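Here is how names work: the chains are called A, B, and so on, in the same order as the sequence lines, proteins then strands, and each is numbered from 1. Just so it is clear, the structure is predicted and the values come from calculations on it, not from any experiment.
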Amino acid sequence: MAMEKAFNAAEAEGRLFEAWEKAGCFKAGANAKPEASTYCIMIPPPNVTGVLHMGHAFNNTLQDILIRWKRMQGFDTLWQPGTDHAGIATQMVVERELAKNQEPSRAELGREKFLEKVWAWKEHSGGTIINQLKRLGSSCDFDRTAFTMAGAAGDTRTGHENSSNFHDAVIKVFVEMYNKGLIYRGKRLVNWDPHFETAISDLEVENIEVAGHMWHFKYPLAGGATYTYVEKDEDGNVTLEETRDYISIATTRPETMLGDGAVAVHPSDERYAPIVGKLVEIPVGPKEHRRLIPIITDEYPDKDFGSGAVKITGAHDFNDYQVAKRGGIPMYRLMDTKGAMRADGAPYADETAKAQAHAKGAEFTEGEIDAINLVPENLRGLDRFEARKAVVDQITAEGLAVMQTRTITVKDEEGNEAEVSQTIPMVENKPIMQPFGDRSKVVIEPMLTDQWFVDAEKVVGPALDAVKDGTVKILPESGEKTYYHWLENIEPWCISRQLWWGHQIPVWYGPKLDDEHLEKIVEEQRASETSDETYWWRLDNAMAFCAPNETAVINAAKAYYGDRFEISTHQDSGSVGANHPRLHTQIDLNQPGSDLTKDDKLWVTLVRDPDVLDTWFSSGLWPIGTLGWPEWGADTSKYFPTSTLITGQDILFFWVARMMMMQLAVVDEIPFDTVYLHGLVRDAKGKKMSKSTGNVVDPLEIIDEYGADALRFTNASMASLGGVLKLDMKRIEGYRNFVTKLWQASSYGDSQIDAFSAERGAQPPSATLPLNRWIIGEIAKVREEVDSAFEAFRFNDAANGLYAFFWNTFCARYLEFTKPIFFGDDQAAKDETQAVYAWAIDQALILMHPIMPFVTEEIWNVTEGRGFETGEAAKMLAHADWPTYTAADLVDTEAEAEMSWVIAVIDNVRSARAEVNVPAGSKVPMVVTQIDAQGQAYWDRNEALIKRFARIDSLTAVDETPKGCIAIAAPGASFGLPLADIIDVAKEKARLEKNLGKLAKELGGLRGRLKNPKFAASAPPEVVAEARENLAAREEEEAKISEALARISEIA
RNA sequence: GGGCGAUUAGCUCAGUGGUAGAGCACUUCGUUGACAUCGAAGGGGUCACAAGUUCGAACCUUGUAUCGCCCA
């Protein structure tokens, strides 16, 4: 059948993908040979709310290349697709949707109803990105599409119908790790998002440089003490000396001053040495209740930054937190979950007294300190930014701001200008790095909160060892260094999020209890029934029960509380503080005089922790969770441990390292043996793609315009190990042209030489012509090149090798050289060449299929005609057998030498003609002055070919080169083009001289090396031999050109 | 401040000890029986800098400069 004029990607891609899926080409184990080893890739699960971006396109192209390659090789392959539930992103999307449709808000709906809405949204829109992966040609086993919330309450099982019960796996792991003491609850400074009212991970924080202010304030020394403040220049000369009764502090966040626990200076800072250990007063809040804090030393303050003294607010700054931990400085939390100044607790006077008591040595627990609210009444409930203004105003009004004098020009009423000196507070306007929530876009507040943690230090060991001993390989190697650096300095992993959408933590709280303290508990209970004490505060004294489900937790609670108690559970509606664990009795404990007797029946209500697990906790279980652990059967567990993980280097720690730790902790096996890391896809200039810059490239638009194959080829060619990924449209266009080239070469085979009617199979047809023997060898070489490139994850080498082979060797040489045969009349030669041509195209399609599946499959199907060898009908290319022939099998060195001689003659003639302006179209005569027997044989066999492509009409042997002749040198032969009438003698001389110049440079290097006795002594023999051969060849060429130059000079 | 990396042709990048390559761009030519989404020919680099190791360095070592990314 005649092929279309060009490949219509837009029309063919959808049709081909459907055909592959319909034929079950991508199912786990499809095309596997009997007893084949498994090869499995776990997709890095995209966010279920996501849409395909260039990063996904790149990442999935590489995965698809590997899986298609292995599938064709006959491995038992599985490429596992799926999405993660993306807690905060999904919750946000659904909340926004509710608002848009004017439906009740999340808070109005309550937890259960809201989660129904989320599942409904997932059912409707959650499949977007999975379907977009298909546009790219991704050959995942989509029947197994997984979801990290599969099996959780309310799951409608849409879009992940066959997914295993991921929820059970997550909960099981949590419970087991909890029981082993690997998971605990504690206070830590986290990135708090005041909009979503949850902790978020570092990855979800964007640090953005914004215009900020730096205020300078005076903290007066306690009791009016003074000291001599001395500043010196570099040479030690005193530049300032004054008596001060304060220490100057610079801050960009004055509202946090209320929670200061200390002022820190560098131990080597001489300016403050006299006052280290003294107390200073925090210059804000009601004067009579101002707290005194110590001046301490710590390595953290930078002497040259600001005044060199740093206020330490451990509960609201990551650096300060470390200083506070080192120095035992209390951390006072100032804000609530919305980022407003706290309004809870006792009056300010009482609270500040508590803090002062603690400072003087009274014992407080961490929770008790956290309960202290150091916000003065007049600031309570204010948004943090309003509070900042108020604090600045109050300090300035009191004269405790550091002032500066400025001269400004003012105009009076008549317009006269006058210079006026002004003293104003010192406020520096300077850019500061500020953290923003990547989804909420609000300023992230570092906040000390109760969170759940994995004690990562206890599980990191095996994950480190597996990479150190080479069991798991990370590419590029720099990734391993980063991995070690991360894991050797690992911190506790915060796994709780204050969200509803996610795996709810399987922990229930009840009152702490034992017989001795029962009365005390009852008393406390009595009090708390009427008090405003928060849930968070209550949990400090609560008993935690961790179990996979309610039945189990009730059993656990029974064991703890004993027979006297009835146990029930309460599902917290989700708003923090709305409920707390309770102990009930039929007696109204709040009635005066009421009391318990020993036989009174009691009830305990357990409350489930409202928090959910970080999405990374569940995606940390992705390899075993998707395969059905703990309920997996042999048909899925055989794919574990998986083979290759391809992902972005930015999540090496967040995801890769955690999968390593968790799989090793849970099933004691590595999750994968090789990790391939790549960078971010950037624009052509290397800028990050971002909506605000407007340089985002949509892969789907690229597919629409250039076809998926062009995009995929571009991705492969960019994928050098450790390479930077800059996406240039020009490059995509170039590879689109390559797709066309492949199509046209196939079309030539089809319409011009009817090659595809030839009978052929997987093995190369027998060939006698050097041209055909040569191309068969070249195919074998490129097959080896592609395989070794894929094995080494050098996708760029595979892509570039195929490109160069197909364009420069196959099309520019072989295809052209078949023309004299097909336009001649040697039928045997035609038959042989037809078969070889068709076979070579088949092989090229196979080798290019992993990178460009669509165009290759389309050509494969329209050209037909293969499978004669085995008698089997042609399979789809996606399941064609990957070849194993080697260069050693198929390269014919004689044919190779002959073709390179022919090509050299043609190229030299063409080059010489072009440089001396002989019209390319004109046919000219050629003479030969000298030719060896080998050269003569080559000429005789390839005369028609050389004449056609060098545009020569005759060859005459002469004894002496005619005057005015263009010299053509070839190995073992000297030719000339006697064109005295046409050529420009000066140009020909210039050409020869230029060639001599190039040769002289090469010869200089070669001779220099070979003359050096140490070279022959130290260099490997094959290098020396190569240099000798090279020198001989260059010398032969030099002699010929020198002679030609002498000849041409005769007529000049 | 710490970690990882980069610096090679006008641009984007390959190149792990044997004397420098690709694509694009550029110049000239071309309606030559697959292809103008093309073909032919060509120009273009002190491999950031400095010192060292080596017979030999873009590559290994040390230092310097500049630029990224991540963490603090």
Round to the nearest Å and state the distance from [X] atom [atom1] to [N] atom [atom2].
| X | N | atom1 | atom2 | result |
| --- | --- | --- | --- | --- |
| A:Glu480 | B:rG5 | CD | P | 12 Å |
| A:His485 | B:rC4 | NE2 | P | 7 Å |
| A:Tyr321 | B:rC71 | OH | P | 19 Å |
| A:Lys1014 | B:rA57 | NZ | C1' | 17 Å |
| A:His678 | B:rC4 | NE2 | C1' | 17 Å |
| A:Asn917 | B:rG30 | CG | P | 11 Å |
| A:Leu677 | B:rG5 | CG | C1' | 13 Å |
| A:Phe713 | B:rU12 | CZ | C1' | 16 Å |

What contact category does [X] fall into here, base, sugar-phosphate, or nothing, at under 4.0 angstrom with non-hydrogen atoms?
| X | answer |
| --- | --- |
| A:Trp743 | nothing |
| A:Asn1012 | sugar-phosphate |
| A:Asn319 | sugar-phosphate |
| A:Asn800 | nothing |

What's the gap between [N] and [M] when it is taken at their [atom1] atoms, as a whole Å value?
| N | M | atom1 | result |
| --- | --- | --- | --- |
| B:rU16 | B:rA57 | C1' | 12 Å |
| B:rG23 | B:rU19 | C1' | 24 Å |
| B:rU62 | B:rG68 | P | 24 Å |
| B:rG56 | B:rG17 | C1' | 8 Å |
| B:rC47 | B:rG15 | C1' | 11 Å |
| B:rG45 | B:rC60 | P | 25 Å |
| B:rC59 | B:rA51 | P | 13 Å |
| B:rA58 | B:rU7 | P | 14 Å |

Any side-chain N or O of A:Ser720 less than 4.0 Å from the OP1 or OP2 oxygen of B:rA14? yes
Using only side-chain N and O atoms of A:Lys481, determine if any of them is under 4.0 Å from OP1 or OP2 of B:rG5. yes
Options B:rA14, B:rC71, B:rA25, nucleotide nearest the side-chain atoms of A:Lys730: B:rA25
In dot-bracket form, 5' to 3', how is RNA chain B paired? Count Watson-Crick and G-U wobble pairs only if both distances fall under 3.5 Å, and write | where the partner sits on another strand. ((((((((.[[[[.)..(..]]]].(((((.......))))).....[[[[[..)....]]]]]))))))).
Within residues 1018-1034 of chain A or reaching into it, pairs that qualify as salt bridge (Lys or Arg N to Asp or Glu O under 4.0 Å) - sequence neighbours excluded: A:Glu1002-A:Arg1034, A:Arg1034-A:Glu1037
Which residues pass the side-chain hydrogen bond (donor to acceptor under 3.5 Å, both in side chains) test with A:Glu816, not counting sequence neighbours? A:Lys819
Of all residues at least two apart in sequence or in a different chain, which pass the side-chain hydrogen bond (donor to acceptor under 3.5 Å, both in side chains) check with A:Tyr300? A:Asn319
Could I get the full list of salt bridge (charged side-chain N to carboxylate O under 4.0 Å, His left out) partners for [X], not counting sequence neighbours?
| X | result |
| --- | --- |
| A:Asp907 | A:Arg813 |
| A:Asp298 | A:Arg326 |
| A:Glu445 | A:Arg253, A:Arg384 |

Listed partners of A:Phe790 passing ring-ring contact (aromatic ring centres under 6.0 Å, His included), at least two apart: A:Trp69
Taking ring-ring contact (aromatic ring centres under 6.0 Å, His included) as the definition, give me every residue that meets it alongside A:Phe975, ordered by chain and number, with sequence neighbours left out. A:Trp939
Between the protein and nucleotides 18-20 of chain B, which nitrogen or oxygen pairs come in under 3.5 angstrom?
{"unit_1": "B:rU19", "atom_1": "O4", "unit_2": "A:Arg1009", "atom_2": "NE", "d": "3.0"}

Tightest non-hydrogen contact, residues A:Ala463 and A:Leu487, listed as CB-CD1, 4.1 Å
Can you tell me how far NZ of A:Lys994 sits from CG of A:Leu999, rounded to the nearest 0.5 angstrom? 11.5 Å
Under 4.0 Å protein heavy-atom contact, by nucleotide of nucleotides 31-42 of chain B - B base, S sugar-phosphate only: -BBBB-BSSSSS
Mind checking what makes side-chain contact (heavy atoms from CB on, under 4.5 Å) contact with A:Ala719, not counting sequence neighbours? A:Phe58, A:Leu62, A:Tyr676, A:Phe795
Hey, which of these two, A:Met718 or A:Thr482, hits RNA chain B nearer its 5' end, going by closest nucleotide? A:Thr482
Going by the side chain to side chain contact (heavy atoms under 4.5 Å, CB included) test, name the single residue among A:Asn737, A:Val855, A:Asp709 that passes it with A:Leu742. A:Val855
Compute whether any side-chain donor of one residue and acceptor of the other, for A:Lys311 and A:Thr256, lie under 3.5 angstrom apart. yes
